[in-house]
Colleague: 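Pasting a structure below so you can have a look.
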Amino acid sequence: MKKIHTQYIKKIYRELGDYLSPYFKKIGISANQITLSRIVFVLFGSILILNDDILSKIITLFFFIIFSLFDAADGSLARITKKSLFGMWLDTVIDRFGLLIIFTFFGIKLVTIDNHEIVFVIINFLILILYLIKFSFLSDVSCKEKYLEFRNFNKYLGVINNLHKEQPNEIDKYCYDYLKRNFNLKNLCKFIYHQFSPHTANLILYMGLINLLNYYKIGLTALLFFYIIWIILDIYKITL
């Protein structure tokens with residue numbers, strides 16, 4: 001079953017992945033090989049973070065986009081060839097390992113920018129920790145089978161995983177067409193919050209843009225506050 005995405009950036013990556021996957025299949029590249037190649041892109045892109053020239057920053061952003069694009073492409077290829085439990089496991093590991101590489105080199109970069117201000121190095125790694133809490137621990141409640149009964153409280157949790165017949169209407173609420181038909185401040189805020197929140201694909205894109213624009217301190221501080229508020233709201237909803 002094709003995964004349903006409610007963020008437009010993920011939809012774009014998925015459409016491009018679906019377009020590229022037949023070509024990968026034709027030349028004999030497997031889904032796992034695409035998955036493993038992502039490490040090469042994220043590693044070289046992260047190393048270039050240490051350079052200050054504009055070309056290096058553009059290449060870093062491009063490699064980060066390829067890293068996310070190939071995350072969609074390997075899944076698209078697996079669907080038309082052969083899925084494997086190892087491939088699904090490897091995909092998740094590469095996601096987490098790739099982010100670890102990105103934030104490690106960001107930490108090194110921040111040290112070189114200002115040797116006397118360690119606070120933003122701490123903020124950098126705190127963002128990574130909060131990301132892992134959000135998507136490795138709190139997301140268990142939304143995804144794992146053992147929490148299935150807990151997910152009956154959809155109206156409180158806003159869960160859209162494990163889709164049932166009635167849930168496409170919930171998904172529509174995150175789309176532009178729904179916003180256009182039902183425009184008000186609340187729906188506008190919900191749309192912006194959902195489309196631009198730092199899920200994995202957006203987070204990687206934002207890190208590339210922060211590096212490109214040299215907005216290290218402002219960008220990282222904004223991400224930190226977003227994750228703190230996001231996790232507090234998640235814990236509150238789950239506690240309900």
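What you see is a predicted model, and the numbers here were worked out from it, not measured in a lab.
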Colleague: Between N184 (side chain) and K186 (backbone), is there a donor-acceptor pair under 3.5 Å?
Modeller: yes
Colleague: With rounding to the nearest 0.5 Å, note down the distance linking CZ in F97 to OG1 in T92.
Modeller: 15.0 Å
Colleague: Does the side chain of W230 come under 3.5 Å of the side chain of Y131 through a donor N or O and an acceptor N or O?
Modeller: no
Colleague: Working to the nearest 0.5 angstrom, can you tell me the gap between L43 CG and L48 CG?
Modeller: 9.5 Å
Colleague: CG of L85: more than 12 outside heavy atoms within 6.0 angstrom?
Modeller: no
Colleague: Is there a side-chain contact between R38 and D91 in this structure, where contact means two heavy atoms from C-beta onward sitting under 4.5 Å apart?
Modeller: yes
Colleague: Considering non-hydrogen atoms only, spot the tightest contact between K10 and A201 and give its length.
Modeller: CG-CB, 4.3 Å
Colleague: What residue among N211, D52, N124 forms side-chain hydrogen bond (donor to acceptor under 3.5 Å, both in side chains) with K109?
Modeller: D52
Colleague: If you compare all heavy atoms of M207 against all heavy atoms of L220, which two are closest, and at what distance to 0.1 Å?
Modeller: CE-CD2, 4.0 Å
Colleague: Above 12 or not: heavy atoms from other molecules or residues under 6.0 Å from OH of Y19?
Modeller: no
Colleague: What are the two closest non-hydrogen atoms of H194 and Q7, and how far apart are they?
Modeller: O-NE2, 2.6 Å
Colleague: Measuring from atom OG1 of T104 to atom CG of L99, what distance do you get when rounded to the nearest 0.5 angstrom?
Modeller: 10.0 Å
Colleague: I'd like to know if the side chain of N202 and the backbone of Q195 have a donor-acceptor N/O pair within less than 3.5 Å.
Modeller: yes
Colleague: Could you pull out the closest heavy-atom pair between A73 and F24, with the gap in Å?
Modeller: CB-CE1, 4.2 Å
Colleague: At their closest point, which heavy atom of F105 faces which heavy atom of I49, and how far apart are they?
Modeller: O-CG2, 4.1 Å
Colleague: Is the backbone of L128 close enough, under 3.5 Å, to the side chain of Y227 for a donor and an acceptor to pair up by distance?
Modeller: no
Colleague: Please tabulate, for the side chains in residues 58-72, all donor-acceptor contacts under 3.5 angstrom to protein atoms that are two or more places apart in sequence or on a different chain.
Modeller:
unit_1 : atom_1 : unit_2 : atom_2 : d
T60    : OG1    : G45    : O      : 2.8
T60    : OG1    : S56    : O      : 3.0

Colleague: Rounded to the nearest 0.5 Å, how far does OG1 of T112 lie from CG of L110?
Modeller: 7.5 Å
Colleague: When hydrophobic residues are tied together by side-chain contacts of less than 4.5 Å, even through go-betweens, does F225 share a cluster with L132?
Modeller: no
Colleague: If you measure from CG on L77 to CG on D18, what distance do you get to the nearest 0.5 Å?
Modeller: 10.5 Å
Colleague: Would you compute the distance between atom CZ of F226 and atom CD1 of I231 and round it to the nearest 0.5 angstrom?
Modeller: 11.0 Å
